[in-house]
Amino acid sequence: MSAEQERLELLKATADEIAASLPVWDGEMPAVLVNIVDPVTRQLLGHRFVTAAVLPGRKHLRLVEEAS
């Protein structure tokens with residue numbers, strides 16, 4: 001496995017964890033679409049609709065890289 005493939009697999013696993021930790025959209029209230037993107041390649045790694053009420057006043061969310 002190449003280093004790039006390994007990096008993408010690790011990012012995808014982290015993206016899945018982040019998406020799973022977000023509150024689920026109830027299907028009725030206004031929602032926002034949260035996209036999780038690889039900062040290097042700009043590839044979409046995951047997404048989830050979240051009820052807008054949990055993110056009042058926020059238009060952009062950014063994941064800050066965790067120190068390893």
Side-chain angles (χ1 to χ4, degrees):
M1 177 183 302
S2 75
E4 180 62 12
Q5 287 174 322
E6 187 174 333
R7 184 187 77 80
L8 284 174
E9 283 188 14
L10 289 171
L11 279 175
K12 179 66 175 147
T14 302
D16 290 343
E17 288 177 28
I18 292 167
S21 72
L22 295 171
V24 178
W25 178 45
D26 64 8
E28 294 181 20
M29 296 185 71
V32 294
L33 176 61
V34 175
N35 289 320
I36 302 167
V37 179
D38 178 348
V40 174
T41 65
R42 303 288 188 215
Q43 177 182 351
L44 180 64
L45 298 172
H47 66 277
R48 179 171 237 169
F49 282 99
V50 179
T51 301
V54 265
L55 305 170
R58 302 197 87 176
K59 294 184 180 182
H60 292 90
L61 301 174
R62 292 191 179 268
L63 171 66
V64 177
E65 291 183 39
E66 298 175 6
S68 40

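Bear in mind the structure is a predicted one, so any value in this text is a computation, not a measurement. Positions are given from 1 along the sequence.
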Exercise. According to the salt bridge (Lys or Arg N to Asp or Glu O under 4.0 Å) rule, which pairs have a member within residues 8-24, sequence neighbours left out?
Worked result: Lys12-Asp16
Exercise. Apart from Phe49 itself, what residues make up its hydrophobic cluster, given side-chain heavy atom links below 4.5 Å?
Worked result: Trp25, Leu33
Problem set entry | side-chain contact (heavy atoms from CB on, under 4.5 Å) involving Asp38 - partner list, sequence neighbours excluded | Arg7, Leu8, Leu11, Val40, Thr41, Gln43, Leu45
Seminar exercise, completed: Going by chain and number, the hydrophobic cluster around Val37 (ILVMFWY, side chain to side chain under 4.5 Å) further includes Leu44
Seminar exercise, completed: Quick note, salt bridge (Lys or Arg N to Asp or Glu O under 4.0 Å) partners involving residues 21-37, not counting sequence neighbours, are none
Exercise. Can you name the side-chain contact (heavy atoms from CB on, under 4.5 Å) partners of Ser2, sequence neighbours left out?
Worked result: Glu4, Gln5
Exercise. Got a second to check how far Ile36's CD1 is from Arg48's CZ, nearest 0.5 Å?
Worked result: 9.0 Å
